[in-house]
Amino acid sequence: MITPFEKAGLDPDRLEELYAQMGPRDGEDMLCRAMEELAYRLGQADRLHADHNYVDMRKCTRALRAIADQIGMSGLAHVAGHVVQCIDDGDAVALSATLARMSRIGERSLYAIWDLQDLSL
């Protein structure tokens, strides 16, 4: 049995930059909201895929990509771009595989951000 493992692909410098720009309190608030939004959109993308609602799935994934990029989740942003490309190409098999990869990287990225926050306490 193959058990895929995905690295988070975080850019901690991007988070430091955001915290420096916004200050610790506002940076923390923004990061928490972004993480909640990412978790929601990861689930929403799965639901939209199950419903074959590719128009809304594309919108959801593009928004997910922008949020991930904003907070330094470069790996997640990159794979989200691939999901959008699979939707645009109409490749259902590649879409299913790439969506699963996005979910793995998204989960791993959210955990990695939590771990970084724990280190900063």
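Computed from a predicted model, the values in this text were never measured in an experiment.
Note on Glu37 versus Arg41: salt bridge recorded, some NZ/NE/NH1/NH2 to OD/OE distance being below 4.0 Å.
We find the CD-CD1 distance between Glu36 and Ile67 to be 11.5 Å, quoted to the nearest 0.5 Å. Rounded to the nearest 0.5 Å, atoms CG (Leu18) and CG (Asp26) are 11.5 Å apart. Atom CD of residue Gln85 and atom OG1 of residue Thr61 lie 12.5 Å apart, to the nearest 0.5 angstrom. Rounded to the nearest 0.5 angstrom, Leu76 CG and Arg108 CZ are separated by 13.0 Å.
At least one side-chain heavy atom of Leu110 sits less than 4.5 Å from a side-chain heavy atom of Met73. Considering only heavy atoms from C-beta on, Asp56 stays 4.5 Å or farther from Asp51 through its side chain. No side-chain heavy atom of Ile87 sits less than 4.5 Å from a side-chain heavy atom of Val55. Met35 is listed as a side-chain neighbour of Ile113, based on a closest heavy-atom distance under 4.5 Å.
When all heavy atoms are compared, the tightest approach of Ala68 to Ala77 is CB-N, 3.9 Å. The two residues Ile71 and Met30 come nearest to each other via the heavy atoms CG2-SD, 3.9 Å. Considering all non-hydrogen atoms of both residues, Ser103 and Leu42 come closest at CA-CD2, 4.4 Å. The two atoms that bring Val83 and Met102 nearest to each other are CG2-SD, 3.9 Å, heavy atoms only. Contact detail for Thr98 and Cys86: the closest heavy-atom pair is OG1-SG, 3.6 Å.
Under the 4.5 Å side-chain contact rule for hydrophobic residues, Ile105 and Val84 do not share a cluster.
Under the 6.0 Å distance and 45° angle rule, Arg47 counts as a cation-pi partner of Tyr40.
Within the structure, salt bridge (charged side-chain N to carboxylate O under 4.0 Å, His left out) contacts touching residues 64-93 (residues at least two apart or in different chains) are Arg58-Asp88.
Applying the salt bridge (Lys or Arg N to Asp or Glu O under 4.0 Å) test to Glu17 and every residue at least two apart in sequence or in another chain returns Arg14. The side chain to side chain contact (heavy atoms under 4.5 Å, CB included) test applied to His49 returns Tyr54, Met57, Leu95, Ser96, Leu99, not counting sequence neighbours.
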